[in-house]
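Just follow the structure's listing: the first ligand is 1, and inside any ligand the first atom is 1.
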Amino acid sequence: MSDAIDAVVDAVTSTAPDVRDGLVGRRTYEAGANPSGERQLEADVYADELLEARLLDIDAVAGYASEERESVVRAGDGRGRYFVAADPLDGSSNLRSNNAMGTLFGVYDGALPAGGDGLLASGFVLYGPITTMIVARDGTVTESVVDSDGSRRVVTEDLRLPEEPTVYGFGGRVPQWTDAFADYVSEVESELKLRYGGAMIGDVNQVLTYGGIFGYPGLRERPEGKLRLLFEGHPIAHIVESAGGASSNGERSLLDCTPERLHERTPLFVGHEAYIDRLEAALSA
Ligand code: AHG
Ligand code: MN
Ligand code: MN
């Protein structure tokens with residue numbers, strides 16, 4: 001298993017510079033939409049095709065699932081054991097405004113969709129001023145710098161959320177927030193400072209660095225929220241929980257949630273346990 005996870009992490013690392021270089025000139029929308037009905041940038045499709053090829057090239061990988069594809073792509077000869085679920089380009093609407101984006105992945109020991117308890121490893125690449133990579137496996141989180149040659153240099157071992165929370169960021173239009181959530185945010189905004197950049201990976205990296213909470217709540221007209229449980233909720237929850245934080249769909253850890261459909265959406269919150277506990281209390285009142 002460990003060799004398979006090494007191979008997946010290495011494949012994502014080596015793909016990162018190609019994704020980053022490939023962003024230039026791919027800011028226009030494709031004709032189609034992704035399975036969530038959202039418009040696809042050329043960059044979304046490009047990153048997805050690169051990751052599919054590199055990940056299915058690994059003998060131990062039996063299948064590749066992506067936010068950009070209707071169903072799981074199985075390895076040709078039915079070989080392999082592990083399944084990788086990816087959000088090839090998270091926050092792709094930030095490309096035109098030249099802001100942070102990322103690549104998110106989770107490695108599951110079994111067919112997809114699966115519960116969060118099936119996650120063996122997870123991680124993300126953050127295309128910021130520099131390219132960094134966060135990997136959560138075996139209960140610990142490692143931060144690396146990814147160089148342009150596709151190599152990885154560890155810069156933080158056993159990354160933990162800082163003691164003191166500092167920042168918060170919540171998605172969705174404020175008039176669409178429920179009264180209970182809006183009341184909770186009024187408390188949070190009197191305690192923390194706002195950091196919301198429009199790409200979950202960039203915003204969660206703020207929480208990993210400065211402490212606090214990130215979320216995209218269920219909305220009045222969209223109680224399931226915007227983010228996808230398998231491609232965004234599970235891996236980001238696995239990372240933040242492995243770094244000593246907590247996650248929630250408003251009621252329970254996202255890792256205790258199992259999607260029935262591959263592209264199922266979920267309300268998503270990650271960060272300091274105290275803020276997650278207060279959120280769950282506020283939404284259950
Ligand atoms: P993706 O680009 O993979 O669809 O993800 C975008 C998501 C997430 O990264 C971010 O937190 C959220 O959409 C931002 O949504 P709004 O633009 O509605 O704020
Ligand atoms: Mn995303
Ligand atoms: Mn995406």
Side-chain angles (χ1 to χ4, degrees), residues 12 15-16 19-20 22-23 26-30 32-52 64-70 84-106 122-128 134 167-177 181 185 194-208 212-222 224-237 239-240 247 249 254 259 262-271:
V12 175
T15 306
V19 171
R20 186 171 192 124
L23 296 175
R26 289 189 170 87
R27 304 199 298 184
T28 51
Y29 282 110
E30 296 275 352
N34 71 12
S36 299
E38 294 158 347
R39 297 190 70 185
Q40 283 177 314
L41 282 180
E42 279 184 81
D44 284 315
V45 174
Y46 177 71
D48 182 42
E49 288 170 354
L50 276 182
L51 282 168
E52 181 214 8
Y64 170 76
S66 152
E67 177 187 275
E68 305 303 334
R69 291 168 190 262
E70 199 59 51
V84 181
D87 178 354
L89 202 56
D90 174 67
S92 54
S93 63
N94 274 354
L95 181 51
R96 286 175 58 204
S97 58
N98 194 26
N99 281 282
M101 279 167 287
T103 294
L104 197 54
F105 69 94
S122 60
F124 63 70
V125 176
L126 174 56
Y127 309 104
I134 293 281
V167 301
Y168 78 96
F170 295 120
R173 304 292 298 275
V174 175
Q176 277 293 310
W177 289 352
F181 183 66
V185 177
L194 175 60
R195 282 286 183 278
Y196 187 82
M200 177 182 71
I201 283 181
D203 292 331
V204 171
N205 209 53
Q206 293 259 18
V207 171
L208 289 173
I213 182 168
F214 166 82
Y216 205 110
L219 303 173
R220 290 178 189 279
E221 292 170 12
R222 199 187 207 181
E224 72 280 9
K226 173 182 183 181
L227 303 181
R228 286 135 292 234
L229 176 53
L230 188 70
F231 300 110
E232 292 158 313
H234 280 168
I236 213 75
I239 290 163
V240 174
S247 80
N249 66 350
L254 289 161
L262 207 58
H263 298 278
E264 189 170 309
R265 297 179 194 270
T266 179
L268 180 155
F269 304 94
V270 289

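- Within the protein, the N, O or S atoms lying under 2.8 Å from the Mn ion (ligand 2) are Asp87 OD2, Asp90 OD1, Glu232 OE2.
- Every residue two or more places apart in sequence or in another chain was checked for a side-chain hydrogen bond (donor to acceptor under 3.5 Å, both in side chains) with Thr266, and none qualifies.
- In terms of heavy-atom proximity, Leu104 sits nearest to Pro235 at CG-CG, 3.8 Å.
- Asp48 places no side-chain N or O within donor-acceptor distance of the main-chain N or O of Glu68, the cut-off being under 3.5 Å.
- Close contacts between ligand 1 and Leu89 involve ligand atoms 2 (O), 3 (O) [criterion: under 4.0 Å to a heavy atom].
- With a heavy-atom cut-off of 4.0 Å, Phe214 touches ligand 1 through its side chain alone.
- Checked by distance only, ligand 1 and Arg228 come closer than 3.5 Å through their nitrogen or oxygen atoms.
- Residue contact check for ligand 1: Met101 places no non-hydrogen atom closer than 4.0 Å to it.
- In this structure, Glu38 pairs ionically with Arg265, as a charged nitrogen and a carboxylate oxygen lie closer than 4.0 Å.
- With respect to Arg228 and Glu67, a salt bridge is recorded, a charged nitrogen being found less than 4.0 Å from a carboxylate O.
- Salt bridge annotation for Arg69-Glu52: present, with a cationic side-chain nitrogen under 4.0 angstrom from a carboxylate oxygen.
- With a 6.0 Å radius and a threshold of 12 heavy atoms from other residues, nucleotides or ligands, Arg27 has its CZ atom at or below the threshold.
- At a 4.0 Å heavy-atom cut-off, ligand 1 does not touch Arg173 at all.
- Of all the heavy atoms of Asp87, the ones lying under 4.0 Å from any atom of ligand 1 belong exclusively to the side chain.
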Point to revise | Gln40/Asp44 under side chain to side chain donor-acceptor pair (under 3.5 Å): CA gap, chis, key distance, verdict | key: CA-CA 6 Å; Gln40 283 177 314; Asp44 284 315; over 6 Å; no
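- Taking only nitrogen or oxygen atoms, main chain and side chain alike, Asp90 reaches within less than 3.5 Å of ligand 1.
- Taking only non-hydrogen atoms, the option from Lys226, Arg39, Met200 nearest to atom 17 (O) of ligand 1 is Lys226.
- By the 4.5 Å heavy-atom criterion applied to side chains, Ile239 and Phe124 are counted as neighbours.
- If you look at Tyr168 and Phe269, their ring centroids are not closer than 6.0 Å.
- Considering backbone and side-chain atoms together, Gly91 places an N or O closer than 3.5 Å to an N or O of ligand 1.
- The number of heavy atoms from other shown groups lying within 6.0 Å of CZ (Arg220) is above 12.
- In summary, the aromatic rings of Phe214 and Phe170 are positioned with their centroids too far apart to meet the 6.0 Å limit.
- Minimum interatomic distance between Thr103 and Pro88 (heavy atoms only, all atoms of both residues): OG1-O, 2.7 Å.
- Distances below 4.0 Å separate heavy atoms of Ser92 from the following atoms of ligand 1: 2 (O).
- The protein heavy atom nearest to atom 18 (O) of ligand 1 is Tyr216 OH, 2.8 Å.
- Per-residue contacts place Glu232 under 4.0 angstrom from the following atoms of ligand 1 (heavy atoms of the residue considered): 3 (O), 5 (O).
- Listed by atom number, the atoms of ligand 1 under 4.0 Å from Tyr196 heavy atoms are 14 (C), 15 (O), 16 (P), 19 (O).
- Under a 4.0 Å criterion applied to the non-hydrogen atoms of Leu227, ligand 1 contributes the atoms 7 (C), 8 (C), 13 (O).
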